[in-house]
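Inspection log for the structure reproduced underneath, given as structure tokens.
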Amino acid sequence: MRLINSTARSTPADQASKLQELLAVSVWTRSLTLEQRRRIESETIVRSVPKGAYICRKGERVEYWVGVIEGLGKMTNTAASGKVTTFTGVTTGGWFGEGSILKDTHRRYDVIALRDSEIAYMPRATFMWLLDSSIEFNRFLLVQLNERLGQFIGMVEYDRLLGPDGRVAHCLAALFNPTLAPGIRPLIKISQEEIGHLAGLSRQRVNHSLKVLDEAGLVRLEYGGITVLNLEGLKKFGE
DNA sequence: CCATTAAACACCC
DNA sequence: GGGTGTTTAATGG
């Protein structure tokens, strides 16, 4: 497993345009002044993280707010026993880590790239400055935190109420949450095994559920990925 | 019984 | 080589 430091880096010009892509789909940038925007662009670091590498690590001091320009990460925690639990996926256009920054604690989870990803790291100082200077930014964080809270409440609820098919459906719907992943496209490249980790199911069971969802016309199965055809249908599946 | 899963295997990209 | 589909044997409600 490679660490962040050893990951490949693209050219500065590449990085700048990739960062601009991310900022373009992020809601909180819309009301920023040119000056604010320029400061963010100059202080935020962009890094290519290869598949399997850490986007950020549990226990490290929280120096950055992290945005996914392109790619997919899984948020996990490893218990002392070695058991790994996957909390949620983070995908294109999404930002995370604000909770740890606001609480000023160490990071409580690992995020591992499930495929080659482009990641933006906004320094804590920049984040705090935005927090102090932009009402829009504060509103965005409030909406984001609320959305995530809703997602986690939903996870508990669906875990207890729904069968495996419903859990898979809900898991996929969560990945495609337009608030938390505004830049995501209908086709997502993720293995069925990883969906299993997200939903807490075995690979075969996920495969079975996906076929059910496929037959219901909610998704289309592809090799190494899934196309979402009906997000609302996924959300409501099993109710 | 029935559903689920781990393990093993054979395809296919 | 990794992702996928399938079979088989074991497990547990």
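Numbered from 1 within each chain, the chains take letters A, B, ... in sequence-line order.
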Within this structure, what is the CD-to-C1' distance between Glu193(A) and dG1(C), rounded to whole angstrom? 14 Å
Does Leu114(A) offer a backbone N or O that forms a donor-acceptor pair with the side chain of Glu194(A) under 3.5 Å? no
Establish, with yes or no, whether the OP1 or OP2 oxygen of dA7(B) is under 4.0 angstrom from a side-chain nitrogen or oxygen of Gln204(A). no
Figure out the CD/P separation between Glu222(A) and dG3(C), and round it to whole Å. 16 Å
Does Lys58(A) come within less than 4.0 Å of Glu60(A), counting only side-chain N to carboxylate O? no
Quick one: is dT6(C) close enough that its OP1 or OP2 comes under 4.0 Å of any side-chain N or O from Lys211(A)? yes
Taking atom P of dG3(C) as reference, at what distance in whole Å does atom CD of Glu194(A) sit? 8 Å
Any side-chain N or O of Lys51(A) below 4.0 angstrom from OP1/OP2 of dG3(C)? yes
In whole Å, what is the span from the CZ atom of Arg205(A) to the C1' atom of dG12(C)? 16 Å
May I have the distance from His208(A) (atom NE2) to dC2(B) (atom P), rounded to whole angstrom? 15 Å
Ring centroid separation Trp65(A) to Phe137(A) under 6.0 Å: yes
Pairwise N/O distances under 3.5 Å, protein to nucleotides 10-13 of chain B:
from, atom 1, to, atom 2, distance (Å)
dC12(B), O2, Tyr223(A), OH, 3.2

Can you tell me how far CD1 of Ile40(A) sits from CD of Glu35(A), rounded to the nearest 0.5 angstrom? 11.5 Å
Straight-line distance of Ile195(A) CD1 to Arg167(A) CZ, nearest 0.5 Å: 13.5 Å
Over 60° means perpendicular and under 30° means parallel, so tell me whether Phe140(A) and Trp28(A) are parallel, tilted or perpendicular. tilted
Using heavy-atom distances to pick each residue's nearest nucleotide on DNA chain B, tell me which of Arg203(A) and Val206(A) is more 5'. Val206(A)
Between Ile226(A) (CD1) and dG3(C) (P), how many Å, whole number? 13 Å
Nearest whole angstrom, please: distance from the C1' of dG3(C) to the CD1 of Ile190(A). 13 Å
Would you indicate which nucleotide in dG3(C), dT5(B), dG5(C) comes nearest to any side-chain atom of Asn207(A)? dG5(C)
Would you give the length of the straight line joining atom CZ of Arg108(A) to atom CZ of Phe87(A), rounded to the nearest 0.5 angstrom? 9.0 Å
From NE2 of His197(A) across to C1' of dA6(B) the rounded distance in Å is 13 Å
